[in-house]
Amino acid sequence: MSASRPAAVIVLAAGEGTRMKSRTPKVLHELCGRSMVGHVLAAARELDPERLIVVVGHGRDQVIDHLKQVEPDAIPVVQERQGGTGHAVRMVFEQLGALPGTVIVTNGDHPLLRGATLAEMVHAHEDQGNAATVLSTDIPDPTGYGRIVRDATDAVTAIVEHRDASAEQHAIHEINVGMYAFDGELLGAALGRITTDNAKGEEYLTDVMGILRGDGHRVGAYKAADWVETQGVNDRVQLAQARRQLNERLLLRHMRSGVSVIDPNTTWVDADVTMEPDAVLHPNTQLHGRTHIEAGAEVGPNVTLTDTTVGADAQVSYAVCDSADIGPNTSVGPFAYLRPGTRLAEGAKAGTYVEMKNAVVGEGAKVPHLTYVGDADIGPGANIGAGTIFANYDGVAKHHTNVGSSAFVGSNSVLVAPVEVGDGAYTAAGSTVVKDVPPGAIGIARGRQRNVEDWVERRRAGTASAAAARRAGAGESAAGGEDSAKGDE
Ligand code: UD1
Ligand code: CA
């Protein structure tokens, strides 16, 4: 049932959206990682129109900039003053000329509407040979919407706005969703005949239905089965509701394709997130941008990922990751922060209280606890002891650190970049490493330990410590030497 290629989709996005009470134009408010107009454009794209036209007005600079990023092929048409939806479409014809063929018009503030529903409307339009077809739906509370008026034979005769409707018409629950398919030539001619003779003093696009019908053309309505997806957004309450609806739709799609979502109520995914079967999302997981989760990976609880890839069978819990590439069979968290440029190869670990930035961690290398890794390459099989700091910043510039294959960095080391710990090399616990450590060597850079025998007995006499020391036999040995340091070498 594929319809012919539409001549154009016109998205109306010039209105201010006063009820959002925002500096941001209404259609730029986001849900599930995309602007409202971005969702509408994505649905419009599915129809493969020859031209994708967006009418802009309020906040037009911001809206045009945004269009350049998300839909560079979209043609912006400026509506200087917001003279109504009919006026908006008239501006398109004035600025771009005739549009012969099927023309679809959609409001820009209906982010839930699916491309498939638009396609069904276009199909019905062409199938019935209509001059105009409106997308309608039966809605429990029709307050505020335009009503679909039908005659005794059930044929659509007009759309009447709520403010202009009679008491009898107010009882109609079939409403105009705000999406239409038109014969482009008839639409162009009818726009010039719309008056502003109505409650708002605006040119209503909806009047085209009555005009074409009066001329003896067929006009119709295609009724959408699911009124939820037809809902518009006028304020932030409706925006939050739409976000929840869209999130639920996305999660259902992922679950049906094999992803386990343990708690859909606390799991949020953006529209462009992709996941493979047998991925598992635990409660309080948020996946943003172009995040991708591979088969068998377990993400959550309490994880926020942005533009991050998680490899097969990896485990990520209590973590925040941005633009990270987490390889297969890796382990991240609990309580890890992976920043842009972090790449964990297969089987690597970024454990508890670990922060990484611009760091490449080789296969099977482990960074288990309390560590900052910035601007570094860590070789395969290396082990980074608890409390290690990669000191990458000298106050002016950032420098790089290399840790070789199967190297062992002792706990509480500071690796002062630029520096290199060679393949198979060690650093002693507590070292501040400022010079390269050659392969196979140990770098020791710390004070030596000196034990002063019986110091407690002499200087802390009468304390619990002194009593404990005596019970342990302190002071009984003949050895009076002060130095009994455990050697490093
Ligand atoms: C419109 C319909 C109404 C329908 C409802 C569905 C008309 C006259 N009425 O009413 O039948 O039930 O949508 O939500 O069309 N816009 C412009 N330029 C303008 C005015 C509006 O681009 O001069 C854009 C807005 O940005 C918005 C869309 O057109 O995206 C709809 O405008 P809005 O004022 O919200 O129309 P409604 O009163 O909701
Ligand atoms: Ca509206």
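Ligands are counted one by one from 1 in listed order, and the atoms in each one are counted from 1 as well.
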Enquirer: Show me which atoms of ligand 1 lie under 4.0 Å from any heavy atom of G108.
Expert: 30 (O)
Enquirer: OG/S22 to CG/L239 distance, rounded to the nearest 0.5 angstrom?
Expert: 10.0 Å
Enquirer: Looking at T85, which atoms of ligand 1 are within less than 4.0 Å of one of its heavy atoms?
Expert: 7 (C), 8 (C), 15 (O), 20 (C), 21 (C), 29 (O), 31 (C), 32 (O)
Enquirer: How about T196 and E203: does a side-chain donor come under 3.5 Å of a side-chain acceptor?
Expert: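 There is no such pair between these side chains.
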Enquirer: Do R147 and H162 meet the criterion of a side-chain donor-acceptor pair at a distance under 3.5 Å?
Expert: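 Judged by distance alone, the side chains do pair up.
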Enquirer: Under a heavy-atom criterion of less than 4.0 Å, does G232 contact ligand 1?
Expert: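 Judged by the 4.0 Å heavy-atom criterion, G232 does not count as contacting ligand 1.
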Enquirer: Contact between I175 and ligand 1, counting heavy atoms under 4.0 Å?
Expert: no
Enquirer: Does V55, backbone or side chain, put an N or O under 3.5 Å from an N or O of ligand 1?
Expert: no
Enquirer: Check contact between K200 and ligand 1, using heavy atoms of the residue and a distance below 4.0 angstrom.
Expert: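 Per 4.0 Å heavy-atom rule, K200 contacts ligand 1.
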Enquirer: If you take the nearest heavy atom of each of G84, G178, P142, which one is closest to atom 23 (O) of ligand 1?
Expert: G84
Enquirer: Any idea how Y353 and F335 line up, ring-wise: parallel (<30°), tilted (30 to 60°), or perpendicular (>60°)?
Expert: parallel
Enquirer: What about N234: any of its N or O atoms under 3.5 Å from an N or O on ligand 1?
Expert: no
Enquirer: Check whether any N or O atom of T206, backbone or side chain, sits under 3.5 Å from an N or O atom of ligand 1, and answer yes or no.
Expert: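 In fact, backbone or side chain, T206 has no N or O that close.
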Enquirer: Examine the side chains of H288 and T306 and answer whether a donor and an acceptor come within less than 3.5 Å of each other.
Expert: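 No - no donor-acceptor pair under 3.5 Å links their side chains.
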Enquirer: List the steps and the verdict of side chain to side chain donor-acceptor pair (under 3.5 Å) for Q82 and H58.
Expert: CA-CA 8 Å; Q82 277 64 71; H58 183 83; 5.5 Å; no
Enquirer: Determine whether any heavy atom of H110 lies closer than 4.0 Å to an atom of ligand 1.
Expert: yes
Enquirer: Return the minimal non-hydrogen interatomic distance between L113 and A43, and the atom names on each side.
Expert: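 For L113 versus A43, the nearest heavy atoms are O-CB, 3.5 Å.
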Enquirer: I'd like to check which ligand 1 atoms, numbered from 1 as shown, lie under 4.0 Å from a non-hydrogen atom of G83.
Expert: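 Near G83, meaning under 4.0 Å from one of its heavy atoms, ligand 1 has 23 (O).
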Enquirer: Between R213 and D151, does any side-chain N to carboxylate O distance fall below 4.0 Å?
Expert: yes
Enquirer: Can you sort out which atoms of ligand 1 are near G146, meaning under 4.0 Å from one of its heavy atoms?
Expert: 3 (C), 4 (C), 11 (O), 12 (O)
Enquirer: For H217, what residues pass the ring pair (Phe, Tyr, Trp, His ring centres under 6.0 Å) criterion, not counting sequence neighbours?
Expert: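 Here no residue qualifies.
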Enquirer: Does ligand 1 come near enough to E161 that some N or O of the ligand is less than 3.5 Å from an N or O of the residue?
Expert: yes
Enquirer: Which ligand 1 atoms, with their elements, are less than 4.0 angstrom from a heavy-atom of A13?
Expert: 22 (O), 26 (O)
Enquirer: With no hydrogens and no angle check, just 3.5 Å: does a side-chain donor-acceptor pair link E120 and Y222?
Expert: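 Note: E120 and Y222 side chains meet the donor-acceptor criterion.
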Enquirer: What do the steps show when you test R290 against D272 for salt bridge (charged side-chain N to carboxylate O under 4.0 Å, His left out), and what is the final call?
Expert: CA-CA 5 Å; R290 301 199 165 268; D272 290 327; 3.7 Å; yes
Enquirer: Check this for me - ligand 1, A88, N or O atoms closer than 3.5 angstrom, yes or no?
Expert: no
Enquirer: I want to know if ligand 1 touches A14 in the polar sense, i.e. an N/O pair below 3.5 angstrom.
Expert: yes
Enquirer: Near V177, which atoms of ligand 1 are under 4.0 Å from a heavy atom of that residue?
Expert: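 By the 4.0 Å cutoff, the relevant atoms are 6 (C), 14 (O).
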Enquirer: Below 4.0 Å from ligand 1: does a non-hydrogen atom of Q79 turn up there or not?
Expert: yes
